[in-house]
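What follows is a set of notes on a single structure, which appears directly below.
Computed from a predicted structure; not experimentally measured. Remember, it's 1-based here, ligands and their atoms both numbered in the order they're listed.
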Amino acid sequence: MTVSGTTLRAGVVGWPVGHSLSPALHGYWISEHGLDATYEPFAVRPEAFASTLPALALQGVCGVNITLPHKEAAFQLVDERDEAAEATGAVNTVVFASGRMLGRNTDVFGFVESLREVGVNGVQSAAVLGAGGAARAIVFGLLSLGVQRVSVVNRTLEKANALRAFFGDKVIARDWPGLGAELPSCDMLVNTTSLGMSGQPELMVDLTALDRRAVVADIVYRPLETRLLAQARARGHTTIDGLGMLMHQARLGFAAWFGVEPQVTPTLKAHLVSILEGRG
Ligand code: NAP
């Protein structure tokens, strides 16, 4: 496309950034809406992040997504943070407006919308595997939906305890051996660890004790159907893959930068799946 002085510019800042699906996702919506806009990958080393973010604003960029390893640095750097950013300690979306950097965490919205999309509601008790950055967003999302008990199960128990200390006593901290005791009472199980992702060790969980009406979600999306989801699907559970969260979290940034509310559709999902599978 032709870039002119009036072209709206946004992008994603990460290191490395080549693996990000965000340019394909936003590029799809830009074409769909016929916008005079671009969405670019910005590869920025950690030591250059603090100087690069304000420089992008000065160059006329409307805003950016932030990916690994910069989400915590962005949290420190922005001028304002929304409630989800404060709850997660991480900023994944920045809007440059009137000389200020507005920091948001849209992963919370993305996860909640991915549940709504498949009609999941009324969850009372959930087990969350992992206690990293994504787990914080998901615990916050689950509590905001009214879930009464969230067990955070993590290899490093101190990190699960830190989530309990932050979010309060609806959160229970467990180590991996503690998962077995949690499963029978859960109506939702969510993997937020990097286990099961391409290039990482498999996530090995015995689902036998989980009620078959429980929903099983995995926010890993490479591969789209992880071992956990395949296992759960074979047992008849409703399953939710990680692309829903990714697509829905992107809506808020797109709307703020470009002034258009984009839609998550089966065609968009098929487009991203074709890229993940090397066909796009
Ligand atoms: P993170 O902060 O680095 O946390 C990683 C988590 O995985 C920690 O709880 C860690 O446990 C656990 N873990 C890693 N290796 C492990 C192992 N060998 N055995 C047991 N536990 C292990 O990462 P994150 O930012 O939360 O991201 C986690 C995953 O979510 C990634 O795969 C990422 O791609 C995905 N994600 C998806 C979306 C989406 O939109 N679908 C959004 C954000 C993230 P310890 O605390 O013990 O180290």
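In this structure, the side chain of R235 engages the main chain of L210 through a donor-acceptor pair within 3.5 Å. Under the 3.5 Å distance criterion, the side-chain polar atoms of D187 are matched with a main-chain donor or acceptor of S125.
Relative to the ring axis of F109, R251 does not place its NZ or CZ within 45° and under 6.0 Å from the centre. Judged by the 6.0 Å distance and 45° axis criteria, R9 is not positioned over the aromatic ring of Y39.
Salt bridge annotation for E277-R222: absent, with no cationic side-chain nitrogen under 4.0 angstrom from a carboxylate oxygen.
Exactly one residue among V44, L53, V12 makes a side chain to side chain contact (heavy atoms under 4.5 Å, CB included) with V64. That residue is L53.
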List, for ligand 1, each N/O atom that has a protein N/O partner under 3.5 Å away, with both atom names and the distance.
{"from": "ligand 1", "atom 1": "2 (O)", "to": "G133", "atom 2": "N", "distance (Å)": "3.0"}
{"from": "ligand 1", "atom 1": "7 (O)", "to": "S194", "atom 2": "N", "distance (Å)": "3.4"}
{"from": "ligand 1", "atom 1": "9 (O)", "to": "A131", "atom 2": "N", "distance (Å)": "2.9"}
{"from": "ligand 1", "atom 1": "9 (O)", "to": "N154", "atom 2": "OD1", "distance (Å)": "2.7"}
{"from": "ligand 1", "atom 1": "11 (O)", "to": "N154", "atom 2": "OD1", "distance (Å)": "3.2"}
{"from": "ligand 1", "atom 1": "18 (N)", "to": "R155", "atom 2": "NH1", "distance (Å)": "3.3"}
{"from": "ligand 1", "atom 1": "26 (O)", "to": "G133", "atom 2": "N", "distance (Å)": "3.2"}
{"from": "ligand 1", "atom 1": "26 (O)", "to": "A134", "atom 2": "N", "distance (Å)": "2.8"}
{"from": "ligand 1", "atom 1": "40 (O)", "to": "L246", "atom 2": "N", "distance (Å)": "3.4"}
{"from": "ligand 1", "atom 1": "41 (N)", "to": "I219", "atom 2": "O", "distance (Å)": "2.9"}
{"from": "ligand 1", "atom 1": "41 (N)", "to": "G242", "atom 2": "O", "distance (Å)": "2.9"}
{"from": "ligand 1", "atom 1": "46 (O)", "to": "N154", "atom 2": "ND2", "distance (Å)": "2.8"}
{"from": "ligand 1", "atom 1": "46 (O)", "to": "K159", "atom 2": "NZ", "distance (Å)": "2.9"}
{"from": "ligand 1", "atom 1": "47 (O)", "to": "R155", "atom 2": "NE", "distance (Å)": "3.0"}
{"from": "ligand 1", "atom 1": "47 (O)", "to": "T156", "atom 2": "N", "distance (Å)": "3.1"}
{"from": "ligand 1", "atom 1": "47 (O)", "to": "T156", "atom 2": "OG1", "distance (Å)": "2.5"}
{"from": "ligand 1", "atom 1": "48 (O)", "to": "R155", "atom 2": "NH2", "distance (Å)": "2.9"}

